Amino acid sequence: RPAVPSDVVFNVFVMFSSLVAAFRTSHALVRYTDAASYLHKLSACWFDSASTLLAFCRASDAAEDEIYKFKQTLIRLISLMSAHSLDSLQGANMSMTANGNRFEVLDAQDLDSRTKEVIMSSEHRV
């Protein structure tokens, strides 16, 4: 009596394992493409909100240097919010480890110290 099961049992097992692997791979690919699509939508929303807020400056009666300062601060804050939102998507345990991604922020050091303190001490940064 052989210790190896018959060919039919082996073929059924291989077919079942192949179907399970194909289904799980297909499901993982769908989840990945959905997540990538949502990240692209998120970056498009940040761009739309920034461009809309900057467009409002055209009708402002404020001085040119104040409008320039507002635009520069706005872009830096939106860049910072975008980086914080992407960082929060990584999860709490990934943000502080070496495995977490680092996101570029446009000249965050140029923000005043009070703004940086408020942002960093906030429980909900985004």
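Treat the numbers as computed from the prediction; the structure is a model and nothing was measured.
D87 contributes no side-chain N or O that, together with a main-chain N or O of A83, makes up a donor-acceptor pair within less than 3.5 Å. S17 contributes no side-chain N or O that, together with a main-chain N or O of V14, makes up a donor-acceptor pair within less than 3.5 Å. With T25 contributing its side chain and A22 its backbone, the two residues share no donor-acceptor pair below 3.5 Å. Not one N or O on the side chain of R24 forms a donor-acceptor pair closer than 3.5 Å with the backbone of V20.
There is a path of hydrophobic side-chain contacts, each under 4.5 Å, that joins F70 to F56. In terms of hydrophobic clustering, with Ile, Leu, Val, Met, Phe, Trp and Tyr side chains grouped at heavy-atom distances under 4.5 Å, L74 and W46 are assigned to a common cluster. Put simply, F47 and M81 are part of two different groups of oily side chains (I, L, V, M, F, W, Y) that touch within less than 4.5 Å, one to the next.
Residues I75 and A50 share a closest heavy-atom pair of CD1-CB, 4.4 Å. Of all the heavy atoms in S85 and L42, the pair that sits closest is OG-CD2, 4.0 Å.
Atom OG1 of T33 is separated from atom OH of Y38 by 10.0 Å, given to the nearest 0.5 angstrom. Put simply, CG on L111 and CD on Q72 are 10.5 Å apart, with the number rounded to the nearest 0.5 Å. Distance check, rounded to the nearest 0.5 Å: SG of C57 to CD of E66 gives 11.5 Å. Here the NZ-OG distance, from K71 to S60, works out to 9.5 Å after rounding to the nearest 0.5 Å. Here CG of L39 is found 11.5 Å from NZ of K41. Values are rounded to the nearest 0.5 Å. Note that OG of S18 and CZ of F23 are 15.0 Å apart. Values are rounded to the nearest 0.5 Å.
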Decide yes or no on side chain to side chain contact (heavy atoms under 4.5 Å, CB included) for T73 and D112, but give the supporting numbers first.
CA-CA 9 Å; T73 304; D112 64 335; over 6 Å; no

R114 and E117: CA distance, side-chain angles, deciding distance, side chain to side chain contact (heavy atoms under 4.5 Å, CB included) verdict
CA-CA 5 Å; R114 174 73 180 131; E117 285 175 19; 4.3 Å; yes

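Of the N and O atoms on the side chains of D34 and S37, not one donor lies less than 3.5 Å from an acceptor on the other residue.
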